[in-house]
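Some notes on the structure that comes next.
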Protein chains: 2
Amino acid sequence: MASSKSLSSSIVINHATVRERADMPTFLHLCADRGLKSASIWSNEIDKVGEAVALTALRDTGIIVSGFNRIGPFVPEYIDRADVELERAARFGADHVFLFTGGLLTRGDSDLSSARRRAEDQIARLLEMAKTVGVKLAIEPLHPMLVGDRTVVGTLSHANDLCDALGPGIGIVVDVYHVWWDERLESEILRAGKAGRLLGFHVNDWLIPTKHLLTDRGMMGDGVIDLAAIHRMMRRAGFDGPVEVEIFSTDWWARDPAEVLDIAISRCNEIFGASNEGKHSQP
Amino acid sequence: MASSKSLSSSIVINHATVRERADMPTFLHLCADRGLKSASIWSNEIDKVGEAVALTALRDTGIIVSGFNRIGPFVPEYIDRADVELERAARFGADHVFLFTGGLLTRGDSDLSSARRRAEDQIARLLEMAKTVGVKLAIEPLHPMLVGDRTVVGTLSHANDLCDALGPGIGIVVDVYHVWWDERLESEILRAGKAGRLLGFHVNDWLIPTKHLLTDRGMMGDGVIDLAAIHRMMRRAGFDGPVEVEIFSTDWWARDPAEVLDIAISRCNEIFGASNEGKHSQP
């Protein structure tokens, strides 16, 4: 694994990628064993092992937290404990906290425009809370096919508009799966970069055929997304953060988590290594 | 069915909705029996019964052709006979002919930008041919989830940009299934309307959950799309053409075609009747 050392420090694995067969401490140790420095985590996975165990695993491995999942969906059950989640994110030292709005159906709206206005108002309230706690919020536009039941923010341009309206304290995570098809992809990434709001870059791949709208994402290189090109757009837009692997896939969930991480790191080195080289080849 | 007579003359059924159990003559007679005046047809369905039989069925029923499917995907096998298809569309008196670009994978492209440029060049060539033959071309942006394997035009804004570049002779068909999620939906419909390029309005519904990316479209009213609101946008944009029902669905394909048409017409009357009333309540 020596040849991948230089890049692997700038790779983040999102726990969701292996969550079915690795609890949070197991996951963090798998990351640390591979030289990874940070990871993205889920609050419901902390609940499963208890916060003390989760914090100990972080301390033992030296892993720092990149993304913290998540606030939402925006229904009372989750919104009522948003302050608790934001404080937990701060305790775990997270770089940013994901908002998950839920979709049109989540609150029983029939009209997408008003569902969007309500979600935007909710985000404004959450931003005030996040500022008090001292954590950054992240919007991740999800694929338009998820606007019915998972999100009301389906494009980078909508996310940029929202951030323009809300001001500092909130930024954008670009997940290739959700945005690769957009003819405005490059201009909207540049727009986010100019505004200094690019918080993360998630990678995976779009499979042909895609068998399920939620759980059939591909490993980088197995699908049709031009990942290296989108990575270059991110770099040109000034993003110098890590590449984060987040794959929701029943196929990959069924495999050995150690093997999944090895393959993911290897693919990241193949695909993103070259464009990352200048930055990370020095110790 | 008397109460629906006033609207049903402005309803078009696309043959794809019942193609699995009704050949083209059967389909046209089902439409005529219900007082429908026009229908959208498929060239491969003409092939199945032969052009003479198809033309006779049109003449016998008095049905006129709205949309003609289709030119594409853009690979030599289909492009080489584009002139033949355009001439057939003219012979069948079609109002417009659909372009089906195919997706990123269709011609083995790895780069979406260049796949788009190549498709746009191809559309420009087809437009010259269509003008010679005297038929209008229609672009129908398809859902972003189909950009991998079915289209390179995944938004109304991209379709509008394309039409701006190409000039007269080509317009846009708005299918709710593909565009309902777009935060720019209303402004892009208005933009198309102002340019006088709205050629059609296709209806169906987005089901939750959606079980298949191609063949799980819903009957109007069974999903989450605010159909009446989008219809009002079309009317405000100056579109006064028919509502066209096009449903790709293994569930609906399995049902009796006559029943499918009755339900579709009834749903159209319920959902679009009110906003259509002023226009169609007079003989």
Side-chain angles (χ1 to χ4, degrees), chain A residues 103-106 108-117 120 141-162 177-186 205-216 218 221 223-230 233, chain B residues 103-106 108-117 120 141-162 177-186 205-216 218 221 223-230 233:
Chain A
L104 174 62
L105 272 201
T106 304
D109 286 295
S110 65
D111 166 358
L112 192 51
S113 305
S114 52
R116 282 176 165 147
R117 277 193 301 274
E120 289 163 11
L142 303 185
H143 197 283
M145 71 185 176
L146 304 177
V147 168
D149 51 353
R150 315 285 291 180
T151 191
V152 294
V153 182
T155 61
L156 265 176
S157 47
H158 187 192
N160 266 321
D161 289 348
L162 253 172
Y177 194 78
H178 301 302
V179 302
W180 72 278
W181 53 269
D182 192 337
E183 84 274 7
R184 295 158 302 153
L185 179 60
E186 183 157 20
D205 217 332
W206 181 276
L207 299 179
I208 305 277
T210 288
K211 294 172 301 206
H212 191 280
L213 274 66
L214 293 174
T215 57
D216 193 28
V224 299
I225 304 177
D226 190 346
L227 296 162
I230 303 179
M233 293 176 199
Chain B
L104 174 61
L105 271 201
T106 303
D109 285 295
S110 64
D111 166 355
L112 191 50
S113 305
S114 51
R116 282 176 166 147
R117 275 193 302 275
E120 289 163 12
L142 303 185
H143 196 284
M145 71 186 175
L146 304 177
V147 169
D149 50 353
R150 315 285 291 179
T151 190
V152 294
V153 182
T155 63
L156 266 175
S157 46
H158 187 192
N160 267 320
D161 290 348
L162 252 172
Y177 194 78
H178 300 301
V179 302
W180 71 278
W181 54 269
D182 193 337
E183 85 274 5
R184 295 158 302 153
L185 178 60
E186 183 157 20
D205 217 333
W206 181 274
L207 300 179
I208 305 276
T210 288
K211 294 173 302 207
H212 191 279
L213 273 67
L214 293 174
T215 58
D216 194 28
V224 300
I225 303 178
D226 191 346
L227 295 163
I230 302 179
M233 293 175 199

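In what follows, every chain begins at residue 1, and chains take the letters A, B, ... in the order their sequences are listed. Note that these values count all heavy atoms, side chains included, but never hydrogens, waters or copies made by symmetry. Worth saying up front: this structure is predicted, and the values here are computed from it rather than measured.
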Top of B:Asp111, B:Leu213, B:Leu104, B:Leu207 for chain A proximity - count of heavy-atom pairs under 4.5 angstrom: B:Leu213
Check the angle between the aromatic planes of B:Trp206 and B:His143 and answer parallel, tilted or perpendicular using the 30° and 60° thresholds. parallel
Report yes if the side chains of [X] and [Y] come closer than 4.5 Å at any heavy-atom pair, otherwise no.
| X | Y | result |
| --- | --- | --- |
| A:Pro141 | A:Val153 | yes |
| A:Glu120 | A:Val152 | no |
| A:Leu214 | A:Arg150 | yes |

Quick one: what part of B:His158 sits under 4.5 Å from any heavy atom of chain A, side chain, backbone, both or neither? both
If I measure from the heavy atoms of chain B, does A:Ser113 come under 4.5 Å with its side chain, its backbone, both, or neither? neither
For chain B, which of A:Asp161, A:Ile208, A:Leu105, A:Asp226 has the most heavy-atom pairs under 4.5 Å? A:Ile208
Taking every non-hydrogen pair under 4.5 Å, which of A:Ile225, A:Asp182, A:Val224 racks up the most with chain B? A:Val224
Output the distance between atom CG (A:Leu185) and atom OG1 (A:Thr155), rounded to the nearest 0.5 Å. 11.0 Å
